[in-house]
Amino acid sequence: MKTADRAHQDKLLIPGIIRLTRLPNLIIIALAQYGTAVFLIARPDNWFQYVKDFHLLLLSVSTVLIAAAGYIINDYYDIKIDFINKPDRVVVGKLVRRRKVIMAHTVLNVLGVLIGFYLSLAVGIINFMAAFLLWFYSNQLKRLPFIGNFCIAFLTGLAITVVSVYYHANYLLVNYYALFAFSISLVREIIKDIEDLKGDATFGCRTLPIIWGIPRTKFLLYGLTALFTCLLFLVSGILGNWLLVIYFFTLMIPVTVFLARLIRADTRRDFALLSSLCKLIMLGGILSMGFF
């Protein structure tokens with residue numbers, strides 16, 4: 001019987017690993033890095049040189065590999081919590097054996113870090129640090145209030161900053177967008193903690209919703225969203241790009257919808273929808289790079 005179960009799991013290895021790596025999120029990361037290179041670093045007359053630059057492809061692949069490894073190890077450590085929060089979406093131990101999961105995590109991390117060092121010493125160090133922080137987050141930090149949220153938000157912004165580090169160009173402009181990605185990612189990570197409150201509380205996690213309660217955590221989210229909104233218009237004003245200002249006014253539509261739903265949210269399904277809305281807002285921010 002065990003042999004039959006293992007054979008079945010081996011057949012589902014590739015589909016299972018793909019589910020673990022959150023493919024849509026990886027696509028957003030790649031789009032953000034290509035958008036950063038093409039719209040924020042390239043000049044209008046040479047943007048296509050960046051599109052076909054093999055080194056940019058390698059940079060994006062290395063970042064995606066490390067992010068994928070991070071998602072995998074997070075599910076590995078969260079298997080008991082996930083059986084409570086989302087039992088129908090558990091992959092580790094059901095579709096993919098735990099040993100295979102660890103092997104996939106290790107291989108993806110090693111490849112990502114090696115590609116980074118091939119590109120440059122700075123990128124290699126950043127990739128190594130990101131891989132370590134993702135492991136440390138899954139093993140320890142995510143069970144602590146705010147620190148884990150900050151760590152993931154920081155790494156989200158770093159995925160954009162690393163493009164300017166590699167090309168040694170437009171640090172200020174790129175870091176504005178990295179700050180945007182950091183802000184919306186921080187909001188989303190706190191919302192995910194509310195969404196996963198039941199399982200986290202069962203296994204002794206000390207996330208903000210557990211130690212503060214949902215109402216107080218919501219007030220923090222209101223404040224972070226207000227700061228995020230001010231940041232959008234401050235940046236567009238500093239850059240003197242009025243098309244960008246108009247675009248950000250349009251982006252206020254999903255932000256307003258987000259706030260309205262956040263006020264009324266009280267179920268796990270409500271917070272899952274808010275998490276998806278954060279991804280939509282982040283994608284909208286990436287698209288705004290085109291105005292440069």
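Values in this document were obtained by computation on a predicted structure and should not be read as measured data.
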Side-chain heavy atoms of [X] within contact of [Y], under 4.5 Å:
X: Phe258; Y: Thr225; answer: yes
X: Ile125; Y: Phe117; answer: yes
X: Ile72; Y: Val101; answer: yes
X: Phe228; Y: Leu224; answer: no
X: Gln33; Y: Val64; answer: no
X: Tyr76; Y: Leu20; answer: no
X: Leu244; Y: Ser288; answer: yes
X: Leu197; Y: Thr207; answer: no

>> If you take the centroid of each ring, where Trp contributes its six-membered ring, are Phe182 and Phe150 closer together than 6.0 Å?
In response: yes
>> For Tyr50 and Tyr34, I'd like to know if the aromatic rings sit close, meaning centre-to-centre distance below 6.0 Å.
In response: no
In Å, rounded to the nearest 0.5 Å, how long is the span from [atom1] of [X] to [atom2] of [Y]?
X: Leu220; Y: Ile190; atom1: CG; atom2: CD1; answer: 4.5 Å
X: Ile152; Y: Ser138; atom1: CD1; atom2: OG; answer: 7.0 Å
X: Leu114; Y: Leu119; atom1: CG; atom2: CG; answer: 11.0 Å
X: Arg264; Y: Leu262; atom1: CZ; atom2: CG; answer: 10.5 Å
X: Leu141; Y: Phe136; atom1: CG; atom2: CZ; answer: 4.5 Å
X: Ile73; Y: Asn139; atom1: CD1; atom2: CG; answer: 8.0 Å

Where [X] and [Y] come nearest, the two heavy atoms and their spacing:
X: Gly284; Y: Leu251; answer: CA-CD1, 4.1 Å
X: Asn149; Y: Glu189; answer: ND2-O, 3.6 Å
X: Ile81; Y: Gly199; answer: CG2-C, 3.8 Å
X: Asn127; Y: Ser62; answer: ND2-OG, 3.2 Å
X: Leu65; Y: Gly112; answer: CD1-N, 4.0 Å
X: Ala37; Y: Tyr167; answer: CB-CE1, 4.4 Å

So does [Y] get a backbone contact from the side chain of [X], meaning a donor-acceptor N/O pair under 3.5 Å?
X: Lys218; Y: Ala265; value: yes
X: Ser60; Y: Leu57; value: no
X: Asn85; Y: Asp196; value: yes

> Yes or no on side chain to side chain contact (heavy atoms under 4.5 Å, CB included) for Leu144 and Gln140, after CA distance, side-chain angles and deciding distance?
Replying inline: CA-CA 7 Å; Leu144 302 176; Gln140 295 288 336; 5.7 Å; no
Give a yes or no on whether [X] and [Y] share a hydrophobic cluster (residues Ile, Leu, Val, Met, Phe, Trp, Tyr; joining criterion: side-chain heavy atoms under 4.5 Å apart).
X: Met252; Y: Leu274; result: yes
X: Leu273; Y: Ile184; result: no
X: Ile147; Y: Leu155; result: yes
X: Leu227; Y: Met282; result: no
X: Tyr176; Y: Val162; result: yes

> When you check the gap from the basic side-chain N to the acidic O, do Asp75 and Arg19 get nearer than 4.0 Å?
Replying inline: no
> Do Arg143 and Asp200 sit within salt-bridge range, that is, some charged N less than 4.0 Å from a carboxylate O?
Replying inline: no
>> Quick check on side chain to side chain donor-acceptor pair (under 3.5 Å): which of Ser276, Ser275, Ser183 does Arg188 satisfy it with?
In response: Ser275
> So with a 6.0 Å cut-off around CZ of Phe203, is the heavy-atom count from everything else above 12?
Replying inline: yes
> Under 6.0 Å from the OH atom of Tyr247, do we count more than 12 heavy atoms belonging to anything else shown?
Replying inline: yes
> Do the ring planes of Tyr222 and Phe219 sit parallel (below 30°), tilted (30 to 60°) or perpendicular (above 60°)?
Replying inline: perpendicular
>> One pair to check against side chain to side chain contact (heavy atoms under 4.5 Å, CB included): His55 and Tyr166. What are the steps and the verdict?
In response: CA-CA 10 Å; His55 288 114; Tyr166 177 69; 3.3 Å; yes
> Could you go step by step and tell me if Ile41 and Val174 meet the side chain to side chain contact (heavy atoms under 4.5 Å, CB included) rule?
Replying inline: CA-CA 8 Å; Ile41 292 178; Val174 170; 4.1 Å; yes
>> Using the rule given for salt bridge (charged side-chain N to carboxylate O under 4.0 Å, His left out), can you reason through Lys192 versus Glu195, listing the C-alpha separation, both sets of side-chain angles and the distance that settles it, and then say yes or no?
In response: CA-CA 5 Å; Lys192 285 167 61 182; Glu195 184 184 349; over 6 Å; no
> Is there a donor in the side chain of Thr161 and an acceptor in the side chain of Asn175, or the other way round, less than 3.5 Å apart?
Replying inline: yes
> Would you say the side chains of Tyr137 and Asn74 form a donor-acceptor pair under 3.5 Å?
Replying inline: no
>> Working note: Phe39 + Leu173, criterion side chain to side chain contact (heavy atoms under 4.5 Å, CB included); need CA distance, chi angles, decisive distance, verdict.
In response: CA-CA 10 Å; Phe39 296 122; Leu173 182 57; over 6 Å; no
